Amino acid sequence: MSPAPQTRRAAALEQDATPIPLSEVVFENTLVAALPADPVLDNRPRQVRHAAYSRVDPTPVREPRILAWAQAVGGRLGIAHPESPLGLEAQVFGGNKVLPGMKPYAARYGGHQFGHWAGQLGDGRAITLGEVIGHDGSRYELQLKGAGRTPYSRTADGRAVLRSSVREFMCSEAMHYLGVPTTRALTLVGTGEAVIRDMFYDGNAAPEPGAIVCRVAPTFVRFGNFQIFAAQQEPDLLKRLADYVITTHYPGLGAPSPDVYTRWFEEICRRTAVTIAEWMRVGFVHGVMNTDNMSILGLTIDYGPYGWLEGYEPGWTPNTTDAEGRRYCYGNQPQIAMWNLVQLANALIPLVGDKAPLEQALSAYGETYTREWRRMLSEKFGIVAIEGEEDDRLVNDAFELLQDVETDMTIFFRALANIPLNEAADDSALVEPLRRAFYTDEASQPEHLSRMAEWLRRYTARVRSDGGAPDARIERMNRANPKYVLRNYLAQLAIDALEQGDASVIDRLMRVLERPYEDQPENDDLAERRPEWARNRPGCSALSCSS
Ligand code: AMP
Ligand code: MG
């Protein structure tokens with residue numbers, strides 16, 4: 001996917017501008033200035049009313065140390081690379097020092113969890129430090145995750161473990177380079193403190209190293225920020241938050257009015273649809289699509305027990321907490337996003353005064369999703385435009401084949417560009433490029449191979465009917481079918497190494513994932529299917545929310 005002109009300009013700016021030391025960065029606080037703060041200053045878990053956030057400072061940690069720094073994000077923000085892993089950056093992004101100009105806060109929000117209204121949730125361990133105007137001219141919020149207790153921590157500790165922090169840090173960056181709308185991450189800081197977690201909720205709690213991610217996005221406002229005001233009947237706050245988000249983050253929509261609220265909601269529907277279609281394209285499963293984990297900007301947000309499809313399986317979810325109902329499995333994601341948008345629409349009714357316009361606006365979701373997904377499928381399959389019943393059958397039959405015999409989705413699509421297109425190719429020549437995608441012996445049985453070959457014959461005939469230059473087709477496919485994704489076991493290997501003090505694995509992986517669509521022959525080992533040892537290993541196939 002070639003970057004949009006705007007992204008290209010931003011990338012050029014990132015390289016040209018000279019970053020300044022963190023101590024000289026100017027911080028702004030537009031959300032704090034625009035919305036009312038919790039009048040109670042007591043940092044103890046409680047129900048907060050009549051406020052959009054609570055002012056709270058991070059809780060200092062014993063020995064903050066920068067474990068990873070995302071150079072490109074630093075460049076975009078205009079913040080210079082730390083000179084030492086133990087310097088001011090470690091102090092600030094570990095939560096030990098609040099710089100002049102920062103007004104740290106935890107946001108108040110609610111949400112539907114697994115389909116049920118859960119009431120107040122809020123930033124239980126995330127604390128926003130402030131906002132920075134980046135070198136690209138955009139506003140970015142800097143937020144620490146794992147920075148200690150807040151009034152929204154309920155019974156939890158406000159901390160995060162290294163494994164989950166590494167996972168958020170790496171995946172949000174990997175998603176960015178894949179071209180998926182996402183929050184980003186600047187730093188990963190080790191706290192030098194242990195955090196107690198019962199990783200599989202089986203009564204075996206154990207100490208683990210703690211860490212803090214500084215994540216970055218124009219705003220971390222979620223659907224749930226609006227839902228809590230609607231649920232607790234605070235219409236004035238609802239309006240003030242909507243007006244803030246529209247004027248600051250959707251300035252093109254014009255001055256807020258009932259009509260603008262509707263058009264704004266329609267735009268959220270469109271953006272959400274694009275993001276979900278992108279997830280489906282790259283095989284990403286979020287794992288916890290609660291409404292408090294849905295960004296008001298349509299970004300991928302809150303990386304928890306997410307995972308990547310290895311064998312193509314629509315029913316797969318990485319989240320052990322969801323193993324039974326599979327509400328948030330890969331194949332359900334498009335409908336769940338729609339369900340979540342309905343909840344947001346319900347919260348916005350008081351602004352519009354009538355639910356009909358919002359219902360109407362909601363159709364933008366399905367329209368955008370269908371259009372985007374069809375476009376992406378055309379690119380993935382290397383067909384000029386997938387249209388008509390016969391094309392639909394061709395595509396559906398492919399997915400059925402992938403599902404029937406465990407086949408790696410990423411490798412399959414990447415290899416599809418290499419299938420010989422000449423009519424004379426025999427069965428084994430046709431299937432050969434796909435063999436690396438097969439997980440089991442079943443896939444190599446003559447029966448499956450001949451089914452696959454039969455499909456490939458239909459497929460190559462369809463591709464030939466398009467005509468066009470073969471090289472251009474391959475290039476287009478390679479821009480839609482990543483070679484490198486953050487396979488679940490690769491993330492776990494990076495975590496294992498970092499827990500032993502070795503940052504080389506995460507460093508290498510991050511570098512490779514910056515160019516996911518390029519062939520990098522020296523890194524072919526990172527594009528292989530999941531090894532068998534990782535099939536059922538904790539962290540490689542199943543994850544809990546205990547992060
Ligand atoms: P999540 O499932 O990570 O989206 O979190 C749901 C809610 O639980 C949010 O309000 C989080 O801030 C809160 N939460 C999750 N983990 C912790 C923790 N360790 N300490 C405090 N609050 C947490
Ligand atoms: Mg969350």
Side-chain angles (χ1 to χ4, degrees), residues 38 43-48 52-54 56 58-59 61 95 104-128 143-165 167-169 171-172 182-183 185 191 193-199 201 205-213 215 217 219-228 231 285-297 299-307 317-322 327-328 336 340 343 543-547:
D38 176 6
N43 184 14
R44 263 188 310 192
R46 57 197 158 79
Q47 292 294 308
V48 174
Y53 57 86
S54 303
V56 55
T59 305
V61 297
Y105 70 86
R108 174 179 171 222
Y109 55 81
H112 280 86
Q113 296 188 315
F114 295 91
H116 304 282
W117 176 244
Q120 175 180 300
L121 298 165
D123 286 330
R125 56 171 165 171
I127 295 180
T128 293
Q143 184 181 76
L144 303 185
K145 182 166 171 183
R149 285 203 179 88
T150 77
Y152 309 95
S153 297
R154 293 174 290 166
T155 57
D157 59 5
R159 293 299 186 190
V161 291
L162 180 65
R163 68 184 148 86
S164 74
S165 306
R167 284 169 50 80
E168 172 139 17
F169 182 82
C171 197
S172 62
T182 179
T183 64
T191 60
E193 290 179 7
V195 175
I196 310 289
R197 285 291 181 275
D198 184 354
M199 190 169 168
Y201 301 127
E208 296 186 45
I212 297 173
V213 172
R215 46 187 198 176
T219 177
F220 285 89
V221 170
R222 307 131 191 276
F223 291 8
N225 295 70
F226 295 90
Q227 288 186 283
I228 193 83
V285 189
H286 183 284
V288 206
M289 289 177 73
N290 293 332
T291 57
D292 56 298
N293 292 338
M294 297 291 291
S295 152
I296 206 68
L297 301 181
L299 306 171
T300 312
I301 190 176
D302 270 12
Y303 291 83
Y306 66 81
T317 172
N319 185 355
T320 51
T321 316
D322 192 25
R327 178 180 172 87
Y328 297 142
I336 292 291
N340 290 342
Q343 309 315 313
L543 297 130
S544 72
C545 286
S546 78
S547 54

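Counting convention: from 1, in listed order, for ligands and their atoms alike. What you see is a predicted model; the values in this text were computed from it and never measured. All values below come from the heavy atoms of this structure, side chains included, with hydrogens, waters and symmetry mates left out.
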Thr59 side, atom OG1; Glu193 side, atom CD - distance, nearest 0.5 Å: 9.5 Å
Could you tell me if any non-hydrogen atom of Lys145 lies under 4.0 Å from any atom of ligand 1? no
Are any of the N/O atoms in Gln113 less than 3.5 Å from those in ligand 1? no
Between Tyr303 and Thr182, is there a side-chain donor-acceptor contact under 3.5 Å, judged purely by atom types and distance? yes
Is any N or O atom of Ala156, backbone or side chain, closer than 3.5 Å to an N or O atom of ligand 1? no
When you measure from atom 20 (N) of ligand 1 to every protein heavy atom, which one gives the shortest distance, and what is it? Gly158 N, 2.8 Å
Which protein non-hydrogen atom lies closest to atom 21 (C) of ligand 1, naming both residue and atom, and how far is it? Gly124 O, 3.1 Å
Taking only heavy atoms of Asp302, which atoms of ligand 1 are found under 4.0 Å from at least one of them? 4 (O)
Go through ligand 1 atom by atom and flag the ones less than 4.0 Å from a non-hydrogen atom of Leu121. 10 (O)
Say you draw a straight line from CZ of Arg149 to CZ of Arg159; how long is it, rounded to the nearest 0.5 Å? 9.0 Å
Please confirm whether Arg154 approaches ligand 1 to less than 4.0 Å, judged on its heavy atoms. yes
Could you walk me through whether Tyr105 and Ser54 pass the side chain to side chain donor-acceptor pair (under 3.5 Å) check? CA-CA 5 Å; Tyr105 70 86; Ser54 303; over 6 Å; no
Once you round to the nearest 0.5 Å, how far does CD of Glu168 lie from OH of Tyr306? 8.5 Å
Nearest non-hydrogen contact to atom 14 (N) of ligand 1 from the set Arg222, Arg125, Arg159 belongs to Arg125
So which of Leu299, Asp123, Thr291, Leu121 actually passes side chain to side chain contact (heavy atoms under 4.5 Å, CB included) with Arg222? Asp123
For atom 5 (O) of ligand 1, is the nearest protein heavy atom under 4.0 Å away? no
Hey, is the Mg ion (ligand 2) within less than 2.8 Å of some N/O/S atom on Asn293? yes
Give the atom numbers and elements of ligand 1 that come within less than 4.0 Å of a heavy atom of Gly122. 9 (C), 10 (O), 11 (C), 12 (O)
N, O or S of Asp302 under 2.8 Å from the Mg ion (ligand 2): yes
Of the backbone atoms (N, CA, C, O) and the side-chain heavy atoms from C-beta on, which set of Asn293 has a member under 4.0 Å from an atom of ligand 1: side chain, backbone, both, or neither? side chain
Taking only heavy atoms of Asp157 into account, list the atoms of ligand 1 that are under 4.0 Å away from them. 18 (C), 19 (N), 20 (N)
Is the backbone of Gly304 close enough, under 3.5 Å, to the side chain of Arg167 for a donor and an acceptor to pair up by distance? yes
Judged by atom type as modelled, is there a donor-acceptor pair below 3.5 Å linking the side chain of Asp322 to the main-chain atoms of Gly287? no
Given that the side chain starts at C-beta and the backbone is N, CA, C, O, which of these parts of Arg197 lies under 4.0 Å from ligand 1, counting heavy atoms, or is it both or neither? side chain
Output for pair (Arg108 CZ, Thr150 OG1), nearest 0.5 Å, gives 13.0 Å
Measure from the side-chain N and O atoms of Asn290 to the backbone N and O of Phe114, and report whether any donor-acceptor pair falls under 3.5 Å. yes
